[in-house]
Protein chains: 2
Amino acid sequence: MNKDASESLQKAKDDFVGQWGAMGSSWGINRTMAQIHALLLVSAEPLSTDQIMEDLRISRGNANTNLRDLVGWGLIHSVIRKGERKEFFAAEKDVWKIFCTIARERKRREVTPAMEVLQRCAAESKDDKSQEGRDFHRQMNDLLEFMRMGERVLDHIASSEESRVLKFAARFLS
Amino acid sequence: MNKDASESLQKAKDDFVGQWGAMGSSWGINRTMAQIHALLLVSAEPLSTDQIMEDLRISRGNANTNLRDLVGWGLIHSVIRKGERKEFFAAEKDVWKIFCTIARERKRREVTPAMEVLQRCAAESKDDKSQEGRDFHRQMNDLLEFMRMGERVLDHIASSEESRVLKFAARFLS
DNA sequence: TTTGAATTTCAGGATATTCTGAAATTCGTG
DNA sequence: CACGAATTTCAGAATATCCTGAAATTCAAA
C-alpha cells in the first residue's frame, strides 16, 4: 500500500482495510467499495486505479466502478498530477466531514424516498373514518413526524461547525 | 390483512408493506423481514404465522425464520391467546420505542465490532514512530473518538424520555 | 490525424443471500 | 403415553448481487 511502511504497520493497515470491508456489508455497502475507501483513508499518497487493483487483488472493472461510486458519494476525489496521464484518488480524511457527507447522501438516497412513501400512505388514508383507517393514518403520521424531526436535526448538525455540535452534545450528556 | 379494512385502506396498507419492504434492502435488512415488520406495524390485531404467510405469499420456513429474527431484534413479540394453540405476533408501535430498539441493536451488532477493529489497529500502530505510522495511528484514533462520542450520545438519547430529547432538539435547532 | 495509454462499459461467470417445501421436532392435550 | 397441531430446521432451488476480463471508447500528446 505504501512502500515506506514498516512490515507491522503494513499489517495493521491491511487489517483495517480487510475488516472495514467486511463491516461494509452490514452497513449495506458492498465489500469492495468499503475496502477501497478504507485503503484510501489510510494511504499517505493518492493512489492510481492500478495500485488499488494490485493492493486489493481486484479487476479493473470492479476498481473503476467502485471508485466512480465513491466519487459519487463525495467520499473520495480524483487528483491529477502534473505530467502524469493517469488519474489518482484520495479520500477525505476529516472524520467530521466524512460523517456529514455520509449523512447527506444517505438522507438523499434513503430517507427522502421513505418519507415520500409515508406521505403517500398518509394521504391515501386521510378520509377513512373507520377505526382501522384512523389507526393506520395515525401510524403513518407518527412515523413521518419522527423522520421529519430526525431529518431537521441531521441537516442542522451537518451544516454546523463541529465544535458547536460537540459543545451541544456535551451539554446534553451532562 | 384485516377483513374489516375497506378496499382503499387495504390498498394503502399493501402499498406501505411493499414499499417498506423494498426500502429494507438499502438499510441492510432483508425484504421479507422488513415486510413482516411493516405488516405487523399496521395490523390492528396480532397475526399468526399462517396469516402472514398468506398475506405476503411466502413459505412457512421463510416466515418462521424472519419472525424469530424480528423477535430477536425486539421489534415484535409473540402473543399467546387463551384457548388458542398457535402463536400470534404483534409489533411495538410506538415510534420512539422502535427507534430506541433499532439504535440499541445496531450498536450492539455493528458499531461495537467496528470499534474493536479500530481499537486493535490503533494499538498495533501505537509504537510506530514513522510519519506513516503516526498518521495511521491518528486516523484510527480520530475515527474511534468520533464513534465513542456518537455512541455516548445515542446511549443517552435511548435512555432518556422522548419529551426531554425533543426539548433538547428544539433548543439545538433554534 | 494517428497512436497508445487510460478509462469505461457490460455480458457472462462467480458468489452470496434468500426462499421453499418437506421432514424432523416440539409440545399441549386427551 | 399417543395423537396431532404448531414450530423449527435445513438441503437444495431460486434469486440477487458482485466481479472479471476483454472489447469499446475516450482523450492527451505527437
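The sequence lines fix the lettering, A, B, ..., with proteins before strands; numbering per chain opens at 1.
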Item checked: Partners meeting side-chain hydrogen bond (donor to acceptor under 3.5 Å, both in side chains) with A:Gln119 (sequence neighbours left out) -> A:Arg148
Item checked: Separation of C:dT26 C1' from B:Glu87 CD (nearest whole Å) -> 12 Å
Checklist line | Pairwise ring-ring contact (aromatic ring centres under 6.0 Å, His included) hits with a residue in residues 124-161 of chain A, at least two apart | finding: A:Phe146-B:Phe99, A:His156-B:Phe172
Margin query: My understanding is that a hydrophobic cluster links ILVMFWY residues whose side chain heavy atoms are under 4.5 Å apart, including indirect links. Using that, what else belongs to the cluster containing A:Val79?
Written below: A:Phe88
Checklist line | Residues B:Lys107 and B:Asp155 bridged, charged N to O under 4.0 Å | finding: yes
Notebook entry, point to check: What's the CZ-P distance between B:Phe89 and D:dA6, to the nearest Å?
Noted result: 13 Å
Notebook entry, point to check: Between B:Ile52 (CD1) and D:dA6 (P), how many Å, whole number?
Noted result: 15 Å
Check: Roughly how many Å is it from CZ in A:Phe88 to C1' in C:dT7, rounded to a whole number?
Finding: 14 Å
Side-chain donor-acceptor distances from residues 17-28 of chain B under 3.5 Å, at least two apart:
{"from": "B:Ser25", "atom 1": "OG", "to": "B:Ala22", "atom 2": "O", "distance (Å)": "3.3"}
{"from": "B:Ser26", "atom 1": "OG", "to": "B:Met23", "atom 2": "O", "distance (Å)": "2.9"}

Checklist line | Separation of C:dA6 P from A:Arg68 CZ (nearest whole Å) | finding: 14 Å
Notebook entry, point to check: How many Å lie between CZ on A:Arg81 and C1' on C:dA6, as a whole number?
Noted result: 16 Å
Checklist line | Nucleotide-resolved protein contact map, nucleotides 10-30 of chain D, B/S/- at heavy-atom distance under 4.0 Å | finding: --------SSBB-----BB--
Between side-chain atoms of residues 122-129 of chain A and protein atoms elsewhere (two or more places apart, or another chain), which donor-acceptor pairs fall under 3.5 Å?
{"from": "A:Ser125", "atom 1": "OG", "to": "A:Cys121", "atom 2": "O", "distance (Å)": "3.0"}
{"from": "A:Ser125", "atom 1": "OG", "to": "A:Ala122", "atom 2": "O", "distance (Å)": "3.2"}
{"from": "A:Asp128", "atom 1": "OD1", "to": "A:Ser130", "atom 2": "N", "distance (Å)": "2.9"}
{"from": "A:Asp128", "atom 1": "OD1", "to": "A:Ser130", "atom 2": "OG", "distance (Å)": "2.6"}
{"from": "A:Asp128", "atom 1": "OD2", "to": "B:Ser6", "atom 2": "OG", "distance (Å)": "3.2"}

